[in-house]
Structures are given as structure tokens and as C-alpha cells.
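Keep in mind that what you see is a predicted model, and the values were worked out from it rather than measured.
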Amino acid sequence: MDRAWVQKVISVLSVARRSDLTFYDAIEARGANLPSKLYKLRGCTDFSFENLANATIHLSPASGFNDPYDTAFCADPGFLSRNSFVFGAPDNNNADDRLQQGSAPPNSLSVLVDELRDSYKICSFTERLDSILMWSHYADNHRGFAMEYDFTTCHRNDYPSLCLWPVAYTDCLLDITEVLAAAMNDKDDVNHAFTMAASLCKARDWTYEQEWRIVYPDDRTRRCMALPAPLKAVHLGARISADNASRIRDICAASGIPVHTMALSRQEYRMESHLPAG
């Protein structure tokens with residue numbers, strides 16, 4: 001899938017001023033490019049079986065993710081050294097409000113990054129089911145399973161319509177210098193969607209994952225949460241145990257969810273999904 005349009009979405013979400021934000025332009029672009037199949041790869045745990053049985057997804061803060069740059073952003077060092085102005089009281093649970101309060105030294109930018117990582121709750125998906133690496137990294141070395149979702153079926157008022165976005169892969173962190181300048185000039189016109197944009201920017205090293213994310217606004221008091229999701233199918237890893245495969249099949253049979261099995265391609269270095277006959 002051509003993801004060039006994703007950079008345009010990030011540009012829309014990261015404008016400095018709320019009055020310049022054309023949020024529904026971003027939603028329209030996302031809707032036109034939303035795949036009908038997105039996958040969540042999981043290991044076989046009690047938590048993943050619970051999500052499967054309840055047709056829910058697990059969301060958690062970026063602070064626990066495997067990318068040390070996750071949800072990071074930057075600003076011009078010269079601008080920061082001239083303006084120690086943002087980031088408010090340390091007991092504030094809403095990281096977005098930091099741009100509107102108090103004063104702190106320039107290194108507080110890293111504090112804001114850390115707090116933002118705990119404020120949003122995120123669930124990651126991929127367009128790919130065939131990746132050997134992803135089955136190794138996220139599905140317990142092919143001993144887990146993948147849940148397939150179709151978010152195109154969601155109503156425009158359902159949370160995925162506002163919170164599900166593609167990840168942009170780039171060489172540089174999101175620069176929020178203009179956002180900080182806007183906060184100085186008119187705190188009521190600051191575009192806080194830049195925090196969502198930061199959650200959607202990752203290094204090009206991760207391009208192979210073709211990731212999409214649900215980025216759900218929350219506070220720091222809750223470490224994780226579960227939300228309903230349109231589960232359509234399940235794919236068993238090529239090395240899944242017989243016991244776990246049987247348990248998954250029983251769960252899926254109760255809700256009429258089809259179960260596929262993954263296998264190694266005989267001609268290429270990739271995984272293939274098959275629906276058993278009968």
C-alpha cells in the first residue's frame with residue numbers, strides 16, 4: 001500500500017493552531033485508505049484469550065513499548081533556551097494541559113514527552129499477516145495467533161473513527177517548535193492534536209511493520225484499558241501448540257469466528273494463511 005498520503009495526515013494533525021486544524025480532512029484521507037483487514041499479533045496468554053473471547057483490544061501506554069523513541073518529539077534548542085515558559089504543575093494528570101500552565105526550565109520538554117507516553121493509551125495493528133519477523137517478535141516466535149479486524153464497518157461515531165490512524169515513517173522526530181510558539185501567543189488556540197501526531201511518527205527502521213494505531217486520550221491514572229473491536233477472523237501461528245490451538249478454536253466456535261492456520265510458503269520467505277477445509 002502506498003503510504004505517501006500518511007505524511008499529509010501528520011501535517012494536518014500537527015499544525016500549531018487549533019484554528020488551522022482541518023481534522024475532518026485527515027479523517028476523510030484516513031477513511032479513503034483504511035484497509036478492510038488489520039491484524040493484531042499476540043502470544044498465547046490469559047489476557048489475549050480474554051480479549052479474544054470478549055472481542056476486545058488491549059490498550060496500554062507507549063512508555064512500555066519496545067521503541068525508545070515512541071511518542072517522542074523535539075523542538076529547536078535555541079527557541080527552548082530563550083523561552084522557559086511551558087509545562088505546569090507536576091501533579092496534573094493531563095499532559096496536554098502542560099502547554100497552558102506555569103513555567104519550567106527548557107529540559108522540561110523531556111518531562112512532557114514522558115508524561116505524554118503515559119497519557120495516551122495505544123493499541124497497534126499491522127496491514128501484514130505474512131511477515132516472518134512480526135510473527136517472531138509479537139506472536140511468541142510463531143507460537144501465538146493473530147486477530148483480524150475490519151474497522152471499515154465501524155460507524156463514524158464509534159471510537160475507531162476518531163482514534164485509528166496510520167503510522168508515518170520518517171528520519172526526524174516531530175518538531176513542535178511552532179506549537180510552543182503558538183502556546184506563548186495564544187494558549188486558547190493551541191492545537192493539542194500534535195500529541196496524537198507524535199504518537200504516529202516512528203523511525204524508518206519500523207517501515208516493514210506497516211502499522212496502524214488506535215490512540216485513545218486518557219489520563220495517567222490508568223495503566224491499561226480494553227475496548228470493543230470488530231473481530232472478523234483468527235489466524236493460528238505455524239508453531240502454536242495443540243492445546244492452545246484447541247482452546248482458541250473453542251472460543252471462536254462459540255461466537256462464529258472463522259479460524260485459519262498459518263504455514264510457511266514453499267516458494268517465498270513469507271507466511272501464508274489457510275482456512276481448513278470443512
Side-chain angles (χ1 to χ4, degrees), residues 35-68 70 121-151 153-154 159-160 163-164 167 202 206 208-216 222-266 268-278:
S36 60
K37 295 180 180 180
L38 288 175
Y39 306 97
K40 181 69 178 178
L41 277 66
R42 302 288 298 272
C44 291
T45 67
D46 288 339
F47 291 115
S48 61
F49 290 148
E50 181 179 352
N51 286 144
L52 175 61
N54 297 330
T56 56
I57 55 173
H58 176 82
L59 296 90
S60 57
S63 57
F65 292 176
N66 60 355
D67 180 4
D70 210 300
K121 302 303 180 288
I122 297 173
C123 184
S124 297
F125 306 88
T126 178
E127 297 178 30
R128 298 188 60 185
L129 190 62
D130 64 345
S131 171
I132 303 169
L133 276 178
M134 295 189 70
W135 276 96
S136 297
H137 294 164
Y138 300 114
D140 190 23
N141 291 317
H142 299 256
R143 292 188 291 264
F145 63 104
M147 288 178 277
E148 176 185 321
Y149 300 94
D150 182 4
F151 291 102
T153 63
C154 293
Y159 77 89
C163 300
L164 177 62
V167 167
K202 298 184 70 172
W206 300 97
Y208 75 96
E209 292 192 347
Q210 297 181 25
E211 184 178 354
W212 287 68
R213 287 182 161 188
I214 287 177
V215 183
Y216 195 89
R222 179 166 50 179
R223 292 302 298 171
C224 59
M225 60 189 299
L227 291 174
L231 179 66
K232 296 301 180 183
V234 168
H235 305 262
L236 303 178
R239 293 177 175 174
I240 195 169
S241 70
D243 287 346
N244 284 330
S246 178
R247 183 173 178 181
I248 290 172
R249 291 185 189 279
D250 288 344
I251 293 173
C252 290
S255 53
I257 298 296
V259 178
H260 304 245
T261 57
M262 301 300 297
L264 281 69
S265 169
R266 295 184 179 183
E268 303 174 88
Y269 291 116
R270 66 181 184 88
M271 307 305 298
E272 296 178 338
S273 180
H274 303 277
L275 184 64

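Annotation: Arg270, atom CZ; neighbour count of heavy atoms from other residues, nucleotides and ligands within 6.0 Å is above 12. Annotation for Phe47: atom CZ does not count as buried by contact number, only 12 or fewer foreign heavy atoms lying within 6.0 Å. Counting non-hydrogen atoms of other residues, nucleotides and ligands closer than 6.0 Å to OH of Tyr216 gives a total of 12 or fewer.
Contact annotation: the side chain of Phe151 never approaches that of Trp212 to less than 4.5 Å [non-hydrogen atoms, C-beta and beyond]. The closest side-chain heavy-atom distance from Cys44 to Asp140 is not below 4.5 Å. The shortest side-chain heavy-atom distance between Ile132 and Leu264 does not fall under the 4.5 Å cut-off. Within the 4.5 Å cutoff, no side-chain heavy atoms of Pro160 are placed close to those of Tyr149. Side chains of Ile251 and Val234 form no contact here, defined as non-hydrogen atoms less than 4.5 Å apart. When side chains are defined from C-beta on, Thr126 does not count as touching Tyr138, because their heavy atoms never get closer than 4.5 Å. Put simply, the side chain of Arg213 reaches to within 4.5 Å of the side chain of Val167, judged on heavy atoms. A 4.5 Å side-chain heavy-atom check between Arg247 and Phe49 finds at least one atom pair inside the cut-off.
Distance check, rounded to the nearest 0.5 Å: CG of Leu41 to OG of Ser131 gives 8.5 Å. Here the NZ atom belonging to Lys232 is positioned 12.0 Å from the NZ atom belonging to Lys37, to the nearest 0.5 angstrom. Note that the NZ atom of Lys121 and the CZ atom of Arg223 stand 7.0 Å from one another [nearest 0.5 Å]. Rounded to the nearest 0.5 Å, atoms OG (Ser246) and CD1 (Ile240) are 10.0 Å apart. Taken to the nearest 0.5 Å, the CD1 atom of Ile248 stands 5.0 Å off from the CG atom of Leu236.
Nearest approach of Val259 to Leu275, heavy atoms of both residues: O-CD1, 3.4 Å. Scanning all heavy atoms of the two residues, the minimum distance from Leu52 to Cys252 falls at CD1-SG, 4.1 Å. The minimum heavy-atom distance linking Ala233 with Ile257 is given by the pair CA-CG2, 3.6 Å. Contact detail for Ser273 and Leu129: the closest heavy-atom pair is CB-CD2, 3.8 Å. Contact record, Thr153 with Asp150: OG1-O, 2.8 Å, taken as the closest heavy-atom pair.
Counting only N and O atoms by type, the side chains of Thr56 and Asn51 include a donor and acceptor under 3.5 Å apart.
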- Candidate pair Asn244 and Arg143, rule side-chain contact (heavy atoms from CB on, under 4.5 Å), full reasoning: CA-CA 9 Å; Asn244 284 330; Arg143 292 188 291 264; over 6 Å; no
- Message: Run the side-chain contact (heavy atoms from CB on, under 4.5 Å) test on Ile122 and Leu59 for me, step by step, so that the C-alpha distance in whole Å, both residues' side-chain angles and the decisive distance to 0.1 Å come before the verdict.
- Response: CA-CA 5 Å; Ile122 297 173; Leu59 296 90; 5.9 Å; no
- Item | Evaluation steps, side-chain contact (heavy atoms from CB on, under 4.5 Å), between Asn141 and Ser136 | CA-CA 4 Å; Asn141 291 317; Ser136 297; 3.9 Å; yes
- For Phe145 and Arg42, what are the C-alpha separation, side-chain angles and deciding distance, and is it a side-chain contact (heavy atoms from CB on, under 4.5 Å)? CA-CA 6 Å; Phe145 63 104; Arg42 302 288 298 272; 4.3 Å; yes
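Ring-plane geometry between Tyr208 and His137 is classed as perpendicular, the angle between the planes exceeding 60 degrees on a 0 to 90 degree scale with a lower cut at 30. Using bins of under 30°, 30° to 60° and over 60° for the plane-to-plane angle, the ring pair His142/Trp135 lands in the parallel bin.
Listed for the Ser60 side chain is no donor-acceptor partner under 3.5 Å among the backbone atoms of Cys224. Of the possible polar contacts, none joining the Lys40 side chain to the Cys123 backbone as a donor-acceptor pair under 3.5 Å is found. No donor-acceptor pair under 3.5 Å is formed between the side chain of Ser265 and the backbone N or O of Glu272.
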